[in-house]
Amino acid sequence: MALLQISEPGQATAPHQHRLAAGIDLGTTNSLVASVRSGVADTLPDRDGEHLLPSVVRYGAGQAAQVGHAALAAAVNDPLNTIASVKRLMGRGIADIRHIGTELPYEFVTGSSAMPLLHTVAGDVSPVEVSAEILRNLKLRAEQTLGGELDGVVITVPAYFDEAQRQATKDAGRLAGLNVLRLLNEPTAAAVAYGLDKGSEGVIAIYDLGGGTFDISILRLNQGVFEVMSTAGDTALGGDDMDRAVASWIMAQAGIRDDAGRSVMRHLMQLARQAKEALTTEQQVTVQIPHGVDGQWSGVLTRDSFNALIRPLVDKSMGPCRRALRDAGVRVDEVQTVVMVGGSTRVPLVRERVADFFKAEPMVDIDPDKVVAVGAAIQADILAGNKPDDEMLLLDVIPLSLGLETMGGLTEKIIPRNTTIPTARAQEFTTFKDGQTAMSLHVVQGERELVDDCRSLARFELRDIPPMVAGAARIRVAFQVDADGLLSVTAEEQTQGVKSSIEIKPSYGLTDREIETMLKDSMAHALEDRDVRRLREEQVEADRVLEALHAAMASDGEQLLEVDERAAIDVAAAHLAEARAGTDYRAIKRAIEALEKASSGYVERRMNSSIRKAMAGHAIDEFSK
Ligand code: ADP
Ligand code: MG
């Protein structure tokens, strides 16, 4: 507590205490934390002077998770316990993840919840927990640098993150012990960083090409206020795809097969990325990779060949640009400023194509990796109350329409996409049966007509509707979206005023209680989880052994097996099948060993026989070297 407060004459209030606030860019590939110090917003480095924290978390048995560069370095050798690009999984259900593709190398546990869990040696973890590890790391960095506890943070999210994804991000912040003042759309943050809000009127395009995602947003600046007019993008387009293109090129050149294994692939991806980043400033690079009998392959990749490799990817970003302009109702020549965001906009071909498309030189003065965090820091500083006079109004939009399910599994949109938030809209519905006293409401998000093609957000019921003839009741359903883009829905029967409401917790989001118990649980169940893992592993092994045996016996069991030997194998196989159905991993292990013993003579004879077959037709000395 201050012992002495000095007030300027005429100053009525006590001196304002500066609150520590930070902006966090929680990226797919890299994350950053920034803060306003002495009036200047800048990103904060870690102890080694690094500003970018790779969004990679590595779990180890019985130890704290590693985050950042150390985890990234371990990715090659420990791919299954090293989680990268977790942002892609945020707020997603199992079905979505299958949709994202087979590229993800992690083992998913499809347990009771619709939320995917990632299997690691430290137990099963949810994407929210993985993100919380990243946030915790940045929190610590900020608190050490700023010398105190953070009062609040602003975390940025892609403009088209839906409800579930926003909620999951907020949950991760809370799990990390952060006071999340607000979620802010990344393009809006970038515009703020450039101080475009202080400028004149005009249309601004924010082109954000990161590691895993592409985002294009059209903003209109009007009397010092931003309006996000439209957003579009591609959740599966970014620098990673360029890395893959280069990796494929290396594989083709070096003759590496695509079943080379996960660690080889990850190593290749790292090499590819280094080559790509070097080509931003160099005209050509030499790629070297340990491979084959000679131990080394090396080749040269020129800027021109690289451009040819990635041109289709860069072109792919132009579709969403056109769509965003169309949605915003502006022509390309009305765009006055183009802001470049994301590490991949350093690639010369990207800058060229964007300048071509918008017929304007894009803004690149602020480091494209840092610009979002810087904008978030400026916003956090204001929200924390450090600039009480500075009123900044930021308008964001709803990325996907919000609506209700109506009869026949159809969607009725209540708030169309690209509506600026905060917003509230209502619509009246009625009963369809005589005497109907309850109505179930299903809140959905998406652009499609059929509910099945949209994302289900929540279901709730309105009860105690006074019985009336069908169509007589008037039920007003109101949708309200707050500044974070989070939705609450209220249904009210108009004659009697019966009410029911729900704050949307997406189906695979977490409840407050779940978040609290999650951390405790993960510790308490560490042992149990390990046993579950062992059981699964033994079960997989049992299946493999049984399948191989059956296949072998079907092909040559008749010729190579004695009658009583076959009987012994059958008994051992039946035992294994029985153990496999149980939950004791040790029993499965023993049964596998017993079966291997019973079939050892047979296996040996098979090997000899196949060697004989292989040698048939060859001269003996070919093999006797
Ligand atoms: P995200 O928003 O997805 O976290 P970033 O904005 O940090 O991503 O961008 C990461 C991507 O930028 C990576 O694919 C990385 O390889 C790429 N990148 C970073 N620096 C360069 C560079 N100098 N040249 C080309 N690409 C780069
Ligand atoms: Mg980014």
Side-chain angles (χ1 to χ4, degrees), residues 23-34 43 50-57 67-69 72 75 83-90 130-131 134-135 138 155-161 165 169 183-191 193 206-217 231 233-247 268-283 285 301 303 306-307 309-310 313-314 317 339-354 364 366-376:
I24 295 180
D25 173 4
L26 183 61
T28 313
T29 322
N30 295 302
S31 297
L32 296 104
V33 60
T43 52
E50 301 270 2
H51 291 251
L52 266 65
L53 177 75
S55 304
V56 183
V57 178
V67 182
H69 290 282
L72 183 63
I83 317 293
S85 302
V86 73
K87 188 172 179 176
R88 283 184 183 282
L89 307 179
M90 291 291 273
V130 178
S131 296
I134 298 167
L135 291 173
L138 293 173
I155 304 178
T156 58
V157 289
Y160 55 65
F161 250 27
Q165 292 165 304
T169 305
L183 299 177
L184 180 64
N185 282 344
E186 288 162 12
T188 312
I206 314 277
Y207 182 101
D208 179 353
L209 190 62
T213 51
F214 169 61
D215 229 323
I216 174 81
S217 313
T231 69
D234 188 333
T235 46
L237 180 65
D240 295 348
D241 300 289
M242 298 184 187
D243 300 350
R244 265 190 284 279
V246 174
L268 264 170
M269 288 291 283
Q270 281 188 1
L271 274 179
R273 181 173 180 160
Q274 282 161 10
K276 170 193 76 176
E277 291 181 4
L279 283 169
T280 289
T281 46
E282 309 295 321
Q283 286 302 325
V285 290
L301 180 59
R303 165 95 58 91
F306 170 70
N307 285 349
L309 289 175
I310 62 159
L313 296 169
V314 182
S317 72
V339 175
M340 291 298 234
V341 180
S344 298
T345 60
R346 290 174 194 265
V347 172
L349 183 71
V350 173
R351 293 191 174 178
E352 229 172 80
R353 293 286 288 123
V354 172
V364 294
I366 306 180
D367 221 330
D369 320 286
K370 295 181 181 169
V371 61
V372 166
V374 165

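It should be emphasised that the depicted structure is a prediction, and the values quoted were computed from it without experimental measurement. These values consider heavy atoms only, across backbone and side chains, with no hydrogens, waters or symmetry-generated copies. As the structure lists them, so they are numbered: ligands from 1, and atoms in each ligand from 1. Numbers here simply count residues along the sequence, with the first being 1.
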Here the gap from Asn30 atom CG to Leu72 atom CG, rounded to the nearest 0.5 Å, amounts to 8.5 Å
In this structure, atom 5 (P) of ligand 1 is nearest to the protein heavy atom Gly343 N, 3.6 Å
So the atoms of ligand 1 within less than 4.0 Å of a heavy atom of Gly212 turn out to be 3 (O)
Quick look: Thr280 vs ligand 1, heavy-atom contacts under 4.0 Å, and the answer is side chain
Atom 19 (C) of ligand 1 sits nearest the protein heavy atom Glu277 OE2, 3.5 Å
Rounded to the nearest 0.5 angstrom, the CE-CZ distance for Met269 and Arg244 is 5.0 Å
Would Thr213 count as a contact residue for ligand 1, given that I'm defining contact as a non-hydrogen atom of the residue lying under 4.0 Å from a ligand atom? no
A student checking ligand 1 against Lys276 at a 4.0 Å heavy-atom cut-off should list atoms 13 (C), 14 (O), 15 (C), 16 (O), 17 (C), 26 (N)
Note: ligand 1 atoms sitting under 4.0 Å from heavy atoms of Gly239 are 14 (O)
In ligand 1, the atoms that come under 4.0 Å of a heavy atom of Gly342 are 6 (O)
Nearest non-hydrogen protein atom to atom 7 (O) of ligand 1, with distance, is Asn30 ND2, 2.9 Å
The atoms of ligand 1 lying under 4.0 Å from a heavy atom of Gly27, numbered in the order shown, are 4 (O)
Sequence neighbours excluded, the answer for side chain to side chain donor-acceptor pair (under 3.5 Å) partners of Ser131 is none
Applying side chain to side chain donor-acceptor pair (under 3.5 Å) to Thr213 and not counting sequence neighbours gives none
Among non-hydrogen protein atoms, atom 3 (O) of ligand 1 lies closest to Gly211 N, 2.8 Å
Only one of Thr28, Asp215, Thr169 passes side-chain contact (heavy atoms from CB on, under 4.5 Å) with Pro158, and that residue is Asp215
What one should report as the nearest heavy-atom pair of Leu26 and Lys87 is O-NZ, 2.9 Å
In terms of heavy-atom contacts, Val371 and Ala193 come closest through O-CB, 3.3 Å
In this structure, atom 2 (O) of ligand 1 is nearest to the protein heavy atom Gly210 CA, 4.0 Å
For Arg346, the ligand 1 atoms with a heavy-atom partner under 4.0 Å come out as 20 (N), 21 (C), 22 (C), 23 (N), 24 (N)
Exactly one candidate in Leu279, Leu237, Val350, Leu349 meets side-chain contact (heavy atoms from CB on, under 4.5 Å) with Met242; the answer is Val350
